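Note: hydrogens, waters and symmetry copies are ignored here, and every other heavy atom, side chains too, is used. Here is the naming used below: chain letters follow the sequence lines, and residue numbers restart at 1 for every chain. Quantities reported herein were computed from a predicted structural model and do not represent experimental measurements.
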Amino acid sequence: MQPIYQPKDIEINAQQHWDIRNTFRATETSGKPKYYCLSMFPYPSGKLHMGHVRNYTIGDVLSRYHRMKGYNVMQPMGWDAFGLPAENAALANNVPPAAWTYSNIEHMKQQLKSLGLGIDWAREITTCKPEYYRWEQWLFTRLFKKGIIYKKTASVNWDPMDQTVLANEQVIDGCGWRSGAPVEKRDIPMYFFRITQYADELLQGLDTLPGWPEQVKTMQVNWIGKSHGCEIYFPHDMETVGSGGMLKVYTTRPDTLMGATYVAVAAEHPLARRAAEISEKNELANFIAECKRGGTAEADVATMEKKGMDTGLFVRHPVTGEKLPIWIANYVLMGYGEGAVMAVPAHDERDFEFATKYNLPVKHVIASGELLDVWKKLEAQFEADGYELNREDLDTMGMFAYLSIVLMDLPTPSEALIEAVHEFAAQLQLESPNTQYGTLVCSGNYSGMDFQEAFDAISTYLTAMGLGKKRSQFRLRDWGISRQRYWGCPIPIIHCFTCGDVPVPDEQLPVVLPEQVAITGAGSPLAKMPEFYMTTCPQCGKAAKRETDTMDTFVESSWYYARYASPDCATGMVDERARHWLPVDQYIGGIEHAILHLLYARFFHKLMRDEGLVQGDEPFKNLLTQGMVIAPTFYREDAGKKMWINPADVDVKTDDRGRPVGATLRADGQTVIIGGTEKMAKSKNNGVDPQAIIDQYGADTARLFIMFAAPPDQQLEWSDAGVEGAFRFLKRVWNFANAYENDLHTGIQCMRTNANPVEWKAATKQTLDFRRQVHLLLKQANYDLCKQQFNTVVSACMKLSNLLESNLPSMVSSEDIATYGLVSVKEAQWYAFSEAFSILLRLLSPIAPHITQTLWQELGYGDDILTAPWPEVDEAALEQDEIELVIQVNGKLRGNLRVAKDTDNAALERFALAHEAVQKQLEGGTPKKIIVVPGRLINVVT
RNA sequence: GCCGGGAUGGCGGAAUUGGUAGACGCGCUGGACUCAAAAUCCAGUGUCUGUGAGGAUGUGAGGGUUCGAGUCCCUCUCCCGGCACCA
């Protein structure tokens with residue numbers, strides 16, 4: 001055994017040990033229950049980052065743990081290889097995206113291997129290879145024929161200078177990232193997946209996923225956004241816009257219909273366009289053009305200043321027939337609902353803001369709480385004074401406007417009436433809308449109804465009149481997958497002048513993406529390659545043009561989990577092995593994928609199910625969403641510009657209590673400014689290269705630190721000092737094994753010769769106590785592993801190590817020997833000692849596999865720790881006669897009490913009252929009551 | 001703006017789900033070893049107060065429920081993730 005812990009040697013040896021034996025090759029014929037453990041595959045950006053290390057370590061810990069628990073584990077790995085960064089790299093360094101991607105994969109694969117991950121590399125998938133994407137194209141053609149994929153126009157970011165479509169990421173402050181020109185919205189034809197057809201199933205399916213975090217399910221529920229409401233038709237005079245003379249809106253608040261004071265349409269709405277056409281002035285056309293400015297990202301649209309313009313046109317209120325103005329508003333989204341809303345400023349935030357800005361009327365029609373009370377009082381006072389409220393005026397003018405004139409018209413209003421009006425006016429919130437449900441007021445026949453009654457009554461009326469109906473609505477939109485980019489999977493469609501859009505026939509698949517191209521940054525290279533796009537129509541044989549758009553890279557990542565089951569299948573997307581491995585038992589990935597990727601993959605699973613390719617409704621049984629890795633930032637200011645400095649080049653000074661007081665750049669000793677702790681990113685230069693950590697301390701240390709520093713679902717703050725702490729711990733374990741090699745051997749012999757554990761009753765109290773603590777720690781660790789809280793598992797290992805160091809086997813007193821005899825005392829002690837160390841090694845092995853494998857083998861526990869059974873708690877070891885209780889007075893800790901474990905409550909109360917500290921607190925008085933929590937505490941209440 | 005999450009010592013975090021707040025680790029302070037340093041080992045370490053035993057106080061802020069609240073409820077502040085063409 002090496003005297004000094006040298007991670008480099010032992011890690012290479014351990015990895016070879018597993019390589020030679022093909023340990024991680026997963027087969028379908030093991031006879032054990034399967035466990036498919038999948039970590040989200042990386043985009044091959046060039047180098048592994050800390051987020052990857054965290055993700056794959058979590059996956060590997062779960063894989064190794066389950067393997068030792070007796071499962072047939074499959075842990076695959078692959079590359080999400082298509083995407084924008086490859087094209088950016090091509091522009092910056094003049095390398096073809098394919099070559100750049102393949103060389104990145106080569107490097108990152110070596111890095112992953114050095115982490116010691118138990119991956120079945122025979123199942124490796126690379127999405128930019130035709131063997132993979134041909135099946136995606138195959139499925140596309142099936143779905144196109146079924147109508148699940150269709151074509152329509154949609155808005156994209158357009159850079160007018162570079163004449164190219166931009167990703168949201170490439171739009172910075174409303175301008176193109178390269179040209180700097182203001183971005184516009186442009187409508188282009190695109191292919192869409194009809195995901196909305198599966199909206200209800202995607203929603204309901206969430207209820208069948210108890211192994212998913214609640215927060216992810218909630219986010220998906222809200223994203224799908226099923227709402228119940230009404231569509232309502234507002235008649236107008238614009239017959240020419242093809243809407244049958246009706247403006248259709250959708251609302252979840254039909255109860256507020258009587259409070260609608262205007263309607264608003266999106267700039268792209270046909271009515272807006274029509275209004276601009278017939279208007280004599282250019283204002284409307286200019287405003288619509290202005291709305292075209294800026295990108296398409298929802299966050300930008302939603303934070304924009306609310307702007308609008310009156311079209312000069314009107315609709316009729318479907319109940320009152322009143323004329324309501326039609327406005328064009330930039331806060332109305334064409335993509336949601338009908339691209340038009342009825343505006344109820346009194347009861348909607350955005351409508352209120354808009355109405356206030358443009359001085360549109362506000363009509364209160366919902367009252368609740370005190371407002372409702374004072375309104376009823378006011379109505380009653382009018383009646384008492386013998387006046388009649390003009391309901392019609394009230395309904396058209398709104399309460400506030402009506403009341404402000406009505407008092408003037410009354411000849412002799414009573415004091416009580418004036419007071420009631422003032423009281424009401426004070427309650428009426430004029431500065432903010434009331435968006436809560438309540439009772440309808442000033443709503444004609446509907447006054448007095450609650451939300452549900454009004455909802456039903458109004459929708460019934462609208463249905464009867466042909467002016468609307470109840471309907472539910474999803475926020476989810478169909479998934480547009482066309483990208484005007486090169487480095488992606490070609491869309492397998494041929495455009496024929498006679499036959500239209502024709503899917504590429506199976507025998508012509510795959511449509512191979514040419515790998516030698518010139519990237520210019522303006523437009524798609526494929527559209528400039530006749531050798532790619534010139535073809536013939538598969539149906540009529542005439543000359544035709546191949547589609548040059550590629551697919552959203554989310555399409556590849558939506559089904560890769562299924563391909564891992566049969567990565568080499570040349571006859572279909574998947575084969576019968578998918579039935580064996582799916583669903584994925586544990587999926588692990590970043591929380592940033594909570595919505596899009598996970599929703600698309602669930603959708604794809606259902607598409608594949610409906611094609612008869614896979615079974616079951618959901619692809620991922622259990623989900624673990626890991627938090628991000630963050631690190632401190634440092635910078636210097638130079639002419640107002642921040643120059644970010646990497647944490648690795650900075651020394652932080654602290655005061656004598658460890659508080660940071662300043663930082664200097666190591667190179668020149670000059671001061672740098674300490675910034676916030678942020679997500680590791682190139683832009684803040686605060687990334688820590690995992691390779692440097694692995695090279696210096698070894699993979700086990702990197703893995704141990706990353707698992708110890710935070711629970712997996714929380715964000716993790718990087719700390720170099722913490723890494724050293726992790727290394728120190730592993731060194732301690734190594735040194736301990738070295739120092740007590742002989743004792744451990746002796747103990748292992750005792751474990752071997754005692755098939756049934758030694759007679760523990762012959763052991764000393766000290767040994768029994770030691771063993772109880774060991775098994776208590778094991779119990780805690782096993783509990784935490786079930787919770788997937790790995791940081792406290794590491795903590796348990798450290799405690800176990802501390803415990804071992806303070807309970808060395810040579811410490812047997814002469815009294816013990818006299819009582820029990822030397823052989824049995826020693827034997828029990830050695831047994832407990834070696835058992836404890838074997839528990840430590842096994843608990844630690846999923847996290848730090850190399851050092852534990854090496855020690856397991858060298859100490860003679862066995863040949864391969866992965867084949868050792870997972871340690872289970874010996875419940876008998878936990879038993880004890882005495883327990884410690886806490887004594888509280890009024891909930892405050894005042895003392896402890898050791899009692900026999902079966903002491904009854906009455907006795908406990910007596911002991912507590914007799915306790916010195918309790919006596920002192922009581923000062924001779926008697927307690928009001930005593931609360932006894934069995935096994936925990938006694939609280940004396942005075 | 002909307003949706004989701006978070007906030008506990010100098011720092012990362014723990015707290016068996018309403019029952020001893022600060023486990024474990026880092027850092028820091030003191031000591032041992034050493035010619036010296038590193039490494040290692042031992043002790044201490046929330047804050048205030050007290051010579052001490054002890055006492056008070058303390059989980060982002062403010063209120064509430066409870067014998068008892070880091071944990072439950074209400075209001076607020078700040079930070080992070082997502083927002084459909086980054087992956």
Side-chain angles (χ1 to χ4, degrees), chain A residues 40 42-43 45 80 83-85 156-157 165-171 214-216 218-219 221-223 225 295-304 306 331 335 349-350 475-485 552-554 557 590-597 599-600 625 627-628 630 654-660 676-679 705 708-711 713-719 721-726 728-729 731-732 735 779-780 783-784 789 791-792 794-799 802 884-893 896 928-931 933 936-937 939-942:
Chain A
M40 289 182 187
Y43 176 79
S45 55
D80 188 14
L84 200 53
V156 292
N157 303 308
V165 177
L166 296 179
N168 282 339
E169 192 193 45
Q170 297 171 315
V171 179
E214 283 306 319
Q215 64 157 304
V216 174
T218 307
M219 281 193 262
V221 167
N222 293 338
W223 184 262
T296 58
E298 198 193 307
D300 297 334
V301 176
T303 47
M304 238 168 17
K306 287 175 187 45
Y331 73 90
E349 293 282 355
R350 288 174 311 176
R475 205 189 75 99
L476 182 69
R477 307 200 292 262
D478 276 340
W479 175 17
I481 54 128
S482 293
R483 298 290 179 268
Q484 299 66 48
R485 273 182 245 301
D552 182 359
T553 55
F554 271 125
S557 56
I591 183 68
E592 66 272 20
H593 296 292
I595 295 172
L596 291 179
H597 163 62
L599 192 67
Y600 292 149
T625 47
M628 287 186 318
I630 59 174
T654 57
D655 65 11
D656 61 4
R657 286 169 79 173
R659 284 180 284 228
T677 304
E678 298 183 45
K679 176 179 172 176
F705 170 72
F708 181 52
D713 53 356
Q714 256 177 54
Q715 59 179 15
L716 181 147
E717 191 172 324
W718 187 262
S719 140
V723 175
E724 293 214 32
R728 208 175 295 163
F729 171 66
K731 233 175 355 182
R732 256 166 86 159
N735 292 342
K779 189 172 186 173
Q780 183 67 52
Y783 176 79
D784 289 344
Q789 184 171 297
N791 55 330
T792 47
V794 175
S795 163
C797 290
M798 289 171 168
K799 288 179 190 173
N802 292 343
E884 190 150 302
L885 295 177
V886 163
I887 297 179
Q888 294 181 337
V889 177
N890 293 327
K892 280 199 174 132
L893 175 70
N896 295 311
K928 273 195 202 128
K929 62 174 163 177
I930 301 173
I931 290 158
V933 182
R936 259 186 212 286
L937 58 79
N939 187 14
V940 180
V941 185
T942 59

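Regarding contacts with the backbone of rA14(B), a side-chain N or O of Asn791(A) is found under 4.0 angstrom from either OP1 or OP2. Distances shorter than 4.0 Å separate none of the side-chain N or O atoms of Thr792(A) from OP1 or OP2 on rA14(B). OP1 and OP2 of rG81(B) both lie 4.0 Å or more from every side-chain N or O belonging to Gln715(A). A close approach under 4.0 Å does occur between a side-chain nitrogen or oxygen of Arg728(A) and OP1 or OP2 of rG27(B). The shortest distance between the side-chain N/O atoms of Asn168(A) and the OP1/OP2 oxygens of rA84(B) is below 4.0 Å. Between Gln170(A) and the phosphate of rA87(B), there is no side-chain N or O to OP1/OP2 separation shorter than 4.0 Å. Taking side-chain N and O atoms only, Lys892(A) has no distance below 4.0 Å to OP1 or OP2 of rG55(B).
No contact: Ser45(A) has no heavy atom under 4.0 Å from any strand.
Ring geometry, Phe705(A) versus Trp718(A): the interplanar angle exceeds 60°, so the pair is classed perpendicular (tilted spans 30 to 60°).
In this structure, Lys929(A) atom NZ and rU66(B) atom C1' are separated by 9 Å, rounded to whole Å. Note: CG (Asn939(A)) to P (rG18(B)) measures 17 Å, nearest angstrom.
Between Ala167(A) and Leu84(A), the closest heavy-atom pair is CB-CD2, 3.9 Å.
Helical stems in RNA chain B, defined as runs of 3 or more consecutive Watson-Crick or G-U wobble pairs with both donor-acceptor distances under 3.5 Å, are listed by first residue as B:1-7 with B:77-83, B:10-12 with B:24-26, B:27-32 with B:40-45, B:46-49 with B:54-57, B:60-64 with B:72-76.
Of the residues near RNA chain B, Val794(A) and Tyr783(A), the one whose nearest nucleotide (by heavy atom distance) lies more toward the 5' end is Tyr783(A). Across the interface with RNA chain B, nearest-nucleotide mapping of Glu717(A) and Val940(A) shows Glu717(A) to be the residue nearer the 5′ end.
With rA84(B), rC24(B), rU20(B) as the candidates, the nucleotide lying closest to the side chain of Ser795(A) is rC24(B). The Pro85(A) side chain lies nearest to rC86(B) when the options are rC86(B), rG25(B), rG4(B). The side chain of Met219(A) sits closest to rG81(B) out of rG81(B), rA84(B), rG82(B). Nearest to the side chain of Gln215(A), among rC83(B), rG4(B), rA14(B), sits rG4(B).
In terms of modelled atom types and a separation under 3.5 Å, the side chain of Asn939(A) and the main chain of Ile931(A) share no donor-acceptor contact.
rG31(B): glycosidic angle beyond 90° from 0, hence anti.
For rC3(B), the base has no donor-acceptor partner in the side chain of Asn222(A) [N/O atoms by modelled type, under 3.5 angstrom].
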